[in-house]
Amino acid sequence: MTRPSPSRLAPGDLLRAGSAGLQARPARALLSALGIAIGIAAMVAVVGISSSSQEQLDQRLAALGTNLLTVAPGHTIDGQRASLPAEAEPMIGRIGPVTAVAATGAVDGAHVYRSDRIPKAETNGLVVLAARLGLPRTVGATVRAGTWLNAATGRYPAAVLGATAADRLGVGRPGPQTEILVGAGRFTVIGVLAPVALAPELDTAVLVGWDIATGALGFDGHATTVYTRSEESRVEAVRAVLAATANPRAPGTVAVSKPSDVLAARRAADETLNALLLGLGAVALLVGGVGVANTMVISVLERRSEIGLRRALGATRGHIRLQFLAESLLLSALGGCGGVLLGVAVTAGYAAYQRWPAVVPPWATAGAVAATLLVGGLAGLYPALRAARLSPTEALAAP
């Protein structure tokens with residue numbers, strides 16, 4: 001005689017059985033799901049708003065040059081001013097993480113005047129710098145008026161003025177008719193820079209091409225400042241090899257700037273925000289889990305007669321356990337998905353109001369749903385086990 005195989009719940013039947021309790025009491029299910037959704041929405045919104053704020057902060061810090069380093073000649077052992085080798089700039093450019101490099105060189109003895117009628121003593125504190133063509137891209141400079149030097153104008157007497165230099169020389173608009181006296185020759189002003197936040201020393205400079213500075217102004221061709229941009233995650237590593245790369249024979253005579261303090265501030269802010277997010281997320285999940293557990297316990301108490309009837313009709317304890325566990329998971333999934341959508345909407349609205357980039361990390365949305373299901377499953381486990389332990393007679397006799 002063959003023994004009958006134990007009854008099993010098909011996935012579709014389990015889904016219908018789990019959703020039956022929610023459909024029978026829609027108001028309670030909706031309120032319970034709403035409680036979970038509010039907690040999850042709070043977590044997602046806090047993560048999203050904090051991430052958006054962090055992205056805004058990162059953009060501002062990036063604009064301040066967290067990955068900009070400068071190399072300059074230091075001093076020798078006897079206190080004399082050192083100089084960088086002529087090949088320092090291309091050698092620095094060969095460092096792997098370096099993304100941009102450009103140099104300027106001070107033209108000693110060259111003074112700038114608006115015209116030859118200005119007394120020689122009134123130099124206005126301006127300096128003449130030979131500049132590489134890639135300087136604006138490296139230091140983040142923009143041309144306020146006119147144009148920057150190019151391969152052609154860099155070989156001829158053309159100059160670009162820093163913002164302060166233009167004001168002191170009384171140059172409003174550059175053009176073919178606008179000339180200044182640089183050294184002993186006249187240079188045409190072809191452009192004026194906007195203030196350069198990362199390299200304020202350029203504001204008081206008159207920038208000329210490298211070739212014309214060498215040929216007409218007596219420039220020796222040695223860079224006095226080399227600006228470098230590198231990958232932010234490799235800034236410290238790049239700084240460690242800059243001196244030896246710029247001057248392998250005497251790295252001790254090379255001065256390298258420290259990574260900006262805002263880089264350390266950025267990392268500290270990231271760590272603080274991450275710790276805050278973890279704490280708030282844990283609290284939100286705990287609140288949601290308590291709500292699910294409370295709802296499921298009450299559901300078991302109110303539906304003891306239903307449980308007894310199902311047991312009397314042949315449902316096993318495993319069936320009852322799976323039914324209430326599925327109901328708990330469905331309730332959690334409903335609240336979790338609704339909370340994620342609400343949190344994303346709140347984040348987008350607040351970011352738009354603050355004019356921030358709206359950022360909701362994928363791990364926050366996926367993690368919120370997964371964590372909700374996990375907490376919902378754990379919260380519904382005890383009520384499910386309690387319902388499964390009820391005997392048919394005890395459940396049917398309950399008022």
Side-chain angles (χ1 to χ4, degrees), residues 58-74 84 88-107 112 125-151 153-154 158-168 174 189-213 219 221-236 238-239 242-243 245-246 254-263 265-266:
D58 289 348
Q59 291 181 3
R60 289 185 178 181
L61 293 179
L64 292 177
T66 57
N67 61 342
L68 180 70
L69 296 172
T70 60
V71 178
L84 293 175
E89 182 184 359
M91 291 176 65
I92 291 174
R94 296 190 184 99
I95 301 175
V98 171
T99 58
V101 59
T104 60
V107 182
V112 182
L126 304 180
V127 296
V128 180
L129 297 178
R132 295 295 190 186
L133 301 182
L135 181 65
R137 181 174 66 90
T138 303
V139 300
T142 57
V143 178
R144 185 176 67 191
T147 185
W148 176 247
L149 300 167
N150 56 40
T153 55
V160 175
L161 306 182
T164 304
D167 293 339
R168 293 179 182 176
V189 179
I190 63 172
V192 176
L193 295 179
V196 185
L198 303 183
E201 63 274 11
L202 299 181
D203 293 343
T204 56
V206 175
L207 303 159
V208 299
W210 205 272
D211 294 336
I212 189 65
F219 175 52
H222 291 270
T224 53
T225 304
V226 180
Y227 301 92
T228 68
R229 289 272 192 179
S230 56
E231 300 172 8
E232 290 192 6
S233 59
R234 307 289 296 278
V235 172
E236 290 86 352
V238 171
R239 183 179 184 272
L242 273 178
T245 304
V254 179
V256 181
S257 66
K258 294 179 61 178
S260 178
D261 290 338
V262 294
L263 184 59
R266 173 179 180 172

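A quick note: this is a predicted structure, and the numbers were derived from the prediction, not measured.
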Check [X] against [Y] and note the closest heavy-atom contact, atom names and distance.
{"X": "G162", "Y": "V192", "result": "O-CG1, 4.4 Å"}
{"X": "L129", "Y": "A205", "result": "CD1-CB, 3.6 Å"}
{"X": "L207", "Y": "A131", "result": "CD2-CB, 4.1 Å"}
{"X": "A223", "Y": "P73", "result": "O-CD, 4.4 Å"}
{"X": "P174", "Y": "V189", "result": "CB-O, 3.3 Å"}
{"X": "L149", "Y": "G209", "result": "CD1-N, 3.7 Å"}

Starting from the C-alpha separation in whole Å, work towards a yes-or-no answer on side chain to side chain donor-acceptor pair (under 3.5 Å) for N150 and T153. CA-CA 5 Å; N150 56 40; T153 55; 3.0 Å; yes
About how many Å separate CH2 of W210 and CD of E89, when rounded to the nearest 0.5 Å? 6.0 Å
What's the separation between atom CZ in R168 and atom CG in D203, rounded to the nearest 0.5 Å? 9.5 Å
Atom pairs and distances, donor-acceptor, side-chain atoms in residues 91-107, under 3.5 Å, two or more places apart:
from, atom 1, to, atom 2, distance (Å)
T99, OG1, R229, O, 3.2

Test side-chain contact (heavy atoms from CB on, under 4.5 Å), reference V71, set L242, T224, T225, output is L242
Paired with T228, the side-chain contact (heavy atoms from CB on, under 4.5 Å) test is passed by just one of V256, L68, L69, namely L69
Taking N67 for the side chain and S230 for the main chain, is one N or O donor matched with an acceptor at less than 3.5 Å? yes
Do S257 side-chain atoms and T70 backbone N/O form a donor-acceptor pair below 3.5 Å? yes
Would you please test F219 and D211 for side chain to side chain contact (heavy atoms under 4.5 Å, CB included) and show each step? CA-CA 9 Å; F219 175 52; D211 294 336; over 6 Å; no
Assess whether side chain to side chain contact (heavy atoms under 4.5 Å, CB included) is satisfied between L193 and V160, documenting all intermediate values. CA-CA 7 Å; L193 295 179; V160 175; 3.9 Å; yes
Can you list, pair by pair, the side-chain donor-acceptor contacts under 3.5 Å of residues 141-148, counting residues two or more places apart and other chains?
from, atom 1, to, atom 2, distance (Å)
W148, NE1, L133, O, 2.9

Student check: side-chain heavy atoms of V208 and V128 closer than 4.5 Å: yes
Would you say CZ of R234 has more than 12 non-hydrogen atoms from neighbouring residues, nucleotides or ligands within 6.0 angstrom? no
